[in-house]
Amino acid sequence: MSLINTLHVSLRAAKRHTITTRRFISAVNTHEAFLQSLPSHPGITTLSLNRPHAKNAISLQLLKQLADCLDTVRFDNSVRVLVLNSSTPGSFCSGADLAERRTMTKGQVSKFLTDLRAALGKLESLPMPTIAAIDGPALGGGLELALACDLRVAGHSVTKIGLPETTLGIIPGAGGTQRATRILGLSRAKDLIFTGRSLTAAQAEELGLVDYVSEKGTTAIERALSLAEKIAANAPMALRSAKLAISRAPELSLESGKLHPQTLFLSCSRSFAGLDFERAAYEPLLESRDRVEALQAFKEKRKPVFNGE
């Protein structure tokens, strides 16, 4: 099957398998991770971490529920942007639950790390854009969680962002050494991990670890929702195709010969050119209703109304 056809099939499958996002809404939510759509922000859903007594430290239960939420939202075509946040103001994720870790066997620790790696892989590979709203400490596994998102927003007053694992006799074990290097570059990632130091929001932005810092007196979730609104206003299929093409870019050469998109096949091989992959991601959009709507709206000098079709 050609890459063009594969992308067509993938987009059609997403429509057929649309699942309404779970809403675990109650006065006191007992879930340690839950999804919530926002009526005031159409197309935007939050995935909230909810262990306030433990600063959202990643427990076995939180990890399982996080993975379940990611499995659900992956096929929810109504979600245009996912925002990862804390249910508690002034918090994000302090990393692995070290108190629980002390009670675990070596085999249980190994399984936890495997499951955490899988969950972060699910987060990173979601088809829709994702934003981490860091309103409190993001340390170790907490920062690794944020690094698996497409964009990161930190609250103005946040003072603890980092990968302190080397100070505990280990290294980042859930993708930190790999994702930080891809985001920061080799030297800056080494500096951050070798020193194990914590950064303020401003320092993290200067380093390139976060993309935005909220204004003084405002929160990361407020800034993240503002950013999400701008993203969600665009064509959903275009956003997904753009994310797919951009995410594959680092592993592909720019050019590898002039190949027609119809001749390409979906593969992880480095032999495919990035520009050819981009073209293949572009092609299905030419037949979309959203593209027709965008052209009509431009002609009529109005804002387009996108339906994700």
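Values in this document were obtained by computation on a predicted structure and should not be read as measured data.
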>> As a quick check of understanding, evaluate side-chain contact (heavy atoms from CB on, under 4.5 Å) for Leu239 and Lys243, giving each step before the final call.
In response: CA-CA 6 Å; Leu239 290 173; Lys243 177 171 177 174; over 6 Å; no
Per-pair distances, 0.1 Å, donor-acceptor, side chain in residues 87-96, under 3.5 Å, sequence neighbours excluded:
from  : atom 1 : to    : atom 2 : distance (Å)
Ser87 : OG     : Leu49 : O      : 3.2
Ser87 : OG     : Asn50 : OD1    : 2.6
Ser91 : OG     : Asn56 : ND2    : 3.4
Ser94 : OG     : Lys55 : O      : 3.3

How many angstroms lie between atom [atom1] of [X] and atom [atom2] of [Y], to the nearest 0.5 angstrom?
X	Y	atom1	atom2	answer
Thr166	Ile193	OG1	CD1	8.0 Å
Glu144	Leu139	CD	CG	11.0 Å
Asp276	Ser253	CG	OG	8.5 Å
Arg80	Arg240	CZ	CZ	10.0 Å
Leu126	Ser247	CG	OG	10.5 Å
Leu84	Asp150	CG	CG	11.5 Å

Any side-chain to backbone donor/acceptor pair from [X] onto [Y]? Under 3.5 Å, distance only.
X	Y	value
Ser110	Lys106	no
Thr103	Ala99	no
Arg188	Leu209	no

> When you look at Leu38 and Val83, which way does the side-chain contact (heavy atoms from CB on, under 4.5 Å) test go after all the steps?
Replying inline: CA-CA 11 Å; Leu38 305 177; Val83 178; over 6 Å; no
Hey, does [Y] have a side-chain heavy atom less than 4.5 Å from the side chain of [X]?
X	Y	answer
Asp135	Ile221	yes
Leu60	Glu100	yes
Glu278	Leu252	no
Ile231	Ile131	yes
His156	Thr218	no
Ile58	Arg51	no
Thr159	Ser198	no

Give a yes or no on this: more than 12 heavy atoms of other residues, nucleotides or ligands lie within 6.0 Å of atom [atom1] of [X].
X	atom1	result
Glu206	CD	no
Glu215	CD	no
Arg197	CZ	yes

Looking only at heavy atoms, what is the nearest atom pair of [X] and [Y], with distance?
X	Y	result
Val73	Met128	O-CE, 3.3 Å
Thr45	Ser37	OG1-CA, 3.8 Å
Ser48	Asn85	OG-OD1, 2.8 Å
Leu113	Arg101	CD2-NH2, 4.4 Å
Pro284	Ala280	CD-O, 3.1 Å
Gly155	Ala201	O-CB, 3.2 Å

Transitive ILVMFWY side-chain link [X] to [Y], under 4.5 Å:
X	Y	result
Val153	Leu184	no
Phe112	Leu70	yes
Leu199	Leu143	yes
Ile44	Leu47	no
Leu151	Val79	no

>> So, applying side-chain contact (heavy atoms from CB on, under 4.5 Å) with Leu116, which one of Leu145, Leu66, Leu63 is it?
In response: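 Between Leu116 and the candidates, side-chain contact (heavy atoms from CB on, under 4.5 Å) is satisfied uniquely by Leu63.
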Compile the donor-acceptor pairs under 3.5 Å between side chains in residues 167-176 and protein atoms, sequence neighbours left out, one pair per line.
from   : atom 1 : to     : atom 2 : distance (Å)
Thr167 : OG1    : Pro164 : O      : 2.5

> Among all residues two or more places apart in sequence or in another chain, which pass the side chain to side chain donor-acceptor pair (under 3.5 Å) test with Ser59?
Replying inline: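 Checked Ser59 against side chain to side chain donor-acceptor pair (under 3.5 Å); matches are Glu32.
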>> Checking His41 now: which residues fulfil side chain to side chain donor-acceptor pair (under 3.5 Å) with it, not counting sequence neighbours?
In response: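 Side chain to side chain donor-acceptor pair (under 3.5 Å) check on His41 returns Glu229.
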> Which residue pairs pass the salt bridge (charged side-chain N to carboxylate O under 4.0 Å, His left out) test when at least one of the two sits in residues 154-179, sequence neighbours left out?
Replying inline: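 As it turns out, the salt bridge (charged side-chain N to carboxylate O under 4.0 Å, His left out) pairs with a partner in residues 154-179, which skip direct neighbours, are Glu124-Arg179.
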> With clusters built from Ile, Leu, Val, Met, Phe, Trp and Tyr whose side-chain heavy atoms come within less than 4.5 Å, directly or transitively, what are the remaining members of the cluster of Leu275, listed by chain and number?
Replying inline: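 Via sub-4.5 Å side-chain contacts, Leu275 links to Leu254.
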> Hey, mind stepping through Ile183 and Arg152 against side-chain contact (heavy atoms from CB on, under 4.5 Å) and telling me if it holds?
Replying inline: CA-CA 11 Å; Ile183 291 169; Arg152 286 155 295 283; 3.5 Å; yes
